[in-house]
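Okay, structure first, notes after.
To find a chain, count down the sequence lines: A is the first, B the second, and so on, and within it residues start at 1.
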Protein chains: 4
Amino acid sequence: MLKKNKREKILKAAISAFAQKGYHDTSISKIINKAGIARGTFYLYFENKRQIFDSILENLIVEIDRCIKKIEIGKERQNPLEQLKDNLRRIFTLFVENPELSRILLRHAAGLDKESDQKITEFYNNIADKIEDALKLGIKMELIRDCNPRITSFLILGSIKELIEHVTLTMKNKSDINPVIDEILNFGLHGLKNPGLSSLFLQ
Amino acid sequence: MLKKNKREKILKAAISAFAQKGYHDTSISKIINKAGIARGTFYLYFENKRQIFDSILENLIVEIDRCIKKIEIGKERQNPLEQLKDNLRRIFTLFVENPELSRILLRHAAGLDKESDQKITEFYNNIADKIEDALKLGIKMELIRDCNPRITSFLILGSIKELIEHVTLTMKNKSDINPVIDEILNFGLHGLKNPGLSSLFLQ
Amino acid sequence: MLKKNKREKILKAAISAFAQKGYHDTSISKIINKAGIARGTFYLYFENKRQIFDSILENLIVEIDRCIKKIEIGKERQNPLEQLKDNLRRIFTLFVENPELSRILLRHAAGLDKESDQKITEFYNNIADKIEDALKLGIKMELIRDCNPRITSFLILGSIKELIEHVTLTMKNKSDINPVIDEILNFGLHGLKNPGLSSLFLQ
Amino acid sequence: MLKKNKREKILKAAISAFAQKGYHDTSISKIINKAGIARGTFYLYFENKRQIFDSILENLIVEIDRCIKKIEIGKERQNPLEQLKDNLRRIFTLFVENPELSRILLRHAAGLDKESDQKITEFYNNIADKIEDALKLGIKMELIRDCNPRITSFLILGSIKELIEHVTLTMKNKSDINPVIDEILNFGLHGLKNPGLSSLFLQ
DNA sequence: AATGAATGAGTGTTCATTCAT
DNA sequence: GATGAATGAACACTCATTCAT
């Protein structure tokens, strides 16, 4: 129990440091000072600087994955749109409640090295895959118009990522999440063109 | 002339190195080896490691800005949609033709330090501002439905950024750009819902 | 205790190196080799190269100051001449016993940079001030003839400095100090003119 | 003639730079900027940085030597005291009129390296030798009381050096030299003790 | 388990000197 | 003679990691 506590303490210190300064500008000294432990102790709980960073990232990725539930159709399941909203709500809540982790993932995780880049890329591809699957299902069910589901999945992924970054920087109160999500859905479902406009005009 | 050439040579070497390994994992030694020059020569053309990185980034930012022309309405101007397409075409072409620069901007520029982060943030905010202005104009002209233009600008920005990253990693041939742009526009204008579907179903 | 020892070891190595080669021709490598420690260890005990030099100098200045006791008149105090002799004896002993420190102060400390120069100048001015005060007291007590005490203080200071430099280069045995001090005092008190000589001859 | 001029220009620039910043803090860049010449040109006139410094120093040493005329007795010669005064006057004038050179000799010349140190030492020893010779002559002629002429020569040399340093830092006007020289002579000849005082008191 | 002194490979930067033009 | 771009040896300093206590 004590051991777990100390590990947590170090993790917390590291998260705070990495979020503020990024990987390279965070020294082990900074982390151990924040955690109030000795230099050697750090290496009892983590292999090295890189590993604690990866560990933080991995944790976050798992958490995010947990937020995304496959959208399924069925009597016992909710309206697919509602399932989608729930996914978004969980993800936004996770990020707003953990702005430091968000910062690490969105600002500092990319570009560390080949290995790390690959992990991040894989993670996003994974999400893109899930979006793609959902799109394909939607198309098959004729809920969604015909489109290139691969490209579209990245469009959706990108818009959500960017909004998360914007929101975690500006929003402190998670109660404001719902209107943001509605905006995403409106954008994604209906697009921007004025529905009252003659379709001739914009083509 | 010779002097210009050498500067270019160093820049090219640095761009290649930074793109591959990022800022921190690129040593001056690597750059000068790639450029085939002596250590001291580097410092004849650039103040220090940081400055050459900033210089590369600044250059790219200027190039990107040059791709984005304000969308304007008028007899002599093209259809606004066509203007929008041209903007996107220019940007995608720039990135596809300069995959290394893209990589530096998208992967390695963020998270270097406070100052650099601010510059990047400012750059993106600037673009978001332009998108926002265009949206407001579109709303006023009733080409675009009512929406939160700030949030939507980030949605659009994000979807484009993500697609650029995806495209520069996978696309080698710039002739493939047009269909991608069409996909973006379809997504942004009409959204994803199947227009044949009863609106009741998806609300 | 161990820690103190290591600091002393580094200081000793640095003093020896600086005395031999001066500040600029002494590299950190030289110091750590002499001290038998690793590069990083040096920086555990001293901030940087400059600081260890300043530290050595500062120490020496304090030691020298400690040698100089204010000459005071009073029943419990010795003959002022004896007090003066004691001051000189302590100073010469300090220098003869620490020829390396002497060398650093007299040869290598001046001309390092503005800041260092100022410190040295201040130190010497300080001593000159003390000499001046002593002179003024002596004049007031009519032990000493009328003279310009400021100028004279520099004459005295200079003669002692030069002799110290000469003595530390040539004298190994501190038992030889006394005659030297007598020579200084004779010179300073009675001057060089032959007292048997008609005063007319030399004016 | 032109060639001579350029050499002079470089020398002047170097003297000014060395006087201000010392040997190590003066870069070739500084010198050539001050002199308004190109990098390579410097090396047409001087072998390297060290050589121009030595050259400056050597020049000054020769000038100083020229100030010092052997004190000789004879019908055609002036009073020896007057000869001594003339020597001092010439030296002080030289230094006061060339404060930069003074600074280089007194502050920055010592401690450069073994070779340079030796040259300086030799120069001062040379002067001390001359003083010693004069002392010996004075003793033989019974103008000067018995003393250790070697030690005393350093006392005299030191007092003059220190006063020169003080004077060049504070005195701008060479007309003020005479009283200073009188002070030196009074100090050196008669010492400081009050002549009216019973000799018992101070022994 | 905890400590923190010790390590040393690695890096950015400077600057006197050279040499082709 | 004059130039100044090019050179590369040399150096101070950092910091993740280790290991004896």
Side-chain angles (χ1 to χ4, degrees), chain A residues 2-3 6-7 10 23-33 35-53, chain B residues 2-7 10 23-32 35-52, chain C residues 2-7 10 23-32 35-52, chain D residues 2-3 6-7 10 23-33 35-53:
Chain A
L2 264 176
K3 188 169 175 188
K6 190 160 280 190
R7 203 186 129 94
I10 300 173
Y23 181 78
H24 285 287
D25 283 0
T26 294
S27 62
I28 298 291
S29 296
K30 197 114 186 190
I31 295 173
I32 63 177
N33 283 344
I37 56 158
R39 211 164 192 70
T41 309
F42 176 89
Y43 289 90
L44 292 177
Y45 292 89
F46 298 93
E47 280 173 45
N48 52 40
K49 185 182 171 186
R50 186 50 193 278
Q51 191 243 319
I52 194 178
F53 188 84
Chain B
L2 268 175
K3 200 170 168 189
K4 194 124 198 180
N5 276 346
K6 189 154 282 184
R7 203 188 129 94
I10 299 173
Y23 181 79
H24 286 287
D25 283 359
T26 295
S27 63
I28 297 290
S29 295
K30 198 113 189 186
I31 295 174
I32 62 177
I37 56 158
R39 197 156 273 270
T41 309
F42 175 88
Y43 290 91
L44 288 179
Y45 293 89
F46 299 93
E47 281 173 47
N48 53 40
K49 185 182 169 187
R50 185 52 191 276
Q51 191 240 320
I52 194 177
Chain C
L2 266 176
K3 200 169 169 188
K4 195 124 199 178
N5 276 346
K6 188 155 283 185
R7 203 188 128 94
I10 299 173
Y23 181 79
H24 286 288
D25 284 358
T26 294
S27 63
I28 297 292
S29 295
K30 199 114 188 185
I31 296 174
I32 62 177
I37 56 159
R39 197 156 273 274
T41 309
F42 175 89
Y43 291 92
L44 288 180
Y45 293 90
F46 299 93
E47 280 174 47
N48 51 42
K49 185 182 168 186
R50 185 52 191 275
Q51 191 240 318
I52 195 178
Chain D
L2 266 174
K3 189 166 172 188
K6 190 159 282 186
R7 204 187 127 94
I10 299 173
Y23 181 79
H24 285 287
D25 283 0
T26 294
S27 61
I28 298 291
S29 296
K30 198 113 185 190
I31 295 173
I32 62 177
N33 283 343
I37 56 157
R39 212 163 191 73
T41 309
F42 175 89
Y43 289 90
L44 293 177
Y45 293 87
F46 298 93
E47 280 174 46
N48 52 41
K49 185 183 170 186
R50 185 51 193 278
Q51 191 242 318
I52 195 178
F53 188 85

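Atom CG in B/D25 sits roughly 13 Å away from atom P in F/dA16 (whole-Å rounding). The nearest whole Å value for the distance from the CD1 atom in A/I10 to the P atom in E/dA1 is 11 Å. Rounded to a whole Å, the CD1 atom of D/I32 is 14 Å from the P atom of F/dA2. Rounded to whole angstrom, the span from the CD atom of A/Q51 across to the P atom of F/dA16 amounts to 15 Å. Whole-Å rounding puts the C/R7 CZ to E/dA6 C1' distance at 17 Å. Going from atom CG of C/L44 over to atom C1' of F/dC13 covers 13 Å, rounded to whole Å.
Checking F/dA2, F/dG4, E/dA1 against every side-chain atom of D/K6, the shortest atom distance belongs to F/dA2.
From D/I31, atom CD1 reaches atom NZ of D/K49 across 7.0 Å, with rounding to the nearest 0.5 Å. Put simply, CZ on B/R7 and OG1 on B/T41 are 14.5 Å apart, with the number rounded to the nearest 0.5 Å. Between the CD1 atom in D/I10 and the OH atom in D/Y43 there is a gap of 11.0 Å [rounded to 0.5 Å].
Every residue two or more places apart in sequence or in another chain that forms a salt bridge (charged side-chain N to carboxylate O under 4.0 Å, His left out) with C/R50 is listed here: C/D54, C/D113. Partners of B/F46 by ring pair (Phe, Tyr, Trp, His ring centres under 6.0 Å), not counting sequence neighbours, listed by chain and number: B/F42. Residues satisfying the side chain to side chain donor-acceptor pair (under 3.5 Å) criterion with A/S27, sequence neighbours excluded, are absent altogether.
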Take nucleotides 13-21 of chain E nucleotide by nucleotide from the 5' end and write B, S or -, depending on whether a protein heavy atom sits under 4.0 Å from the base, only from the sugar-phosphate, or from neither. BBBBBB---
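Taking a pair as Watson-Crick or G-U wobble with both distances under 3.5 Å, the runs of three or more consecutive pairs in DNA chain F are E:2-21 with F:2-21.
Nearest heavy atoms, B/Q51 versus B/E47: OE1-N, 2.5 Å.
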Yes or no on side chain to side chain contact (heavy atoms under 4.5 Å, CB included) for D/I52 and D/Y45, after CA distance, side-chain angles and deciding distance? CA-CA 9 Å; D/I52 195 178; D/Y45 293 87; over 6 Å; no
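Taking only side-chain nitrogens and oxygens, A/Y45 never comes nearer than 4.0 Å to OP1 or OP2 of E/dA1.
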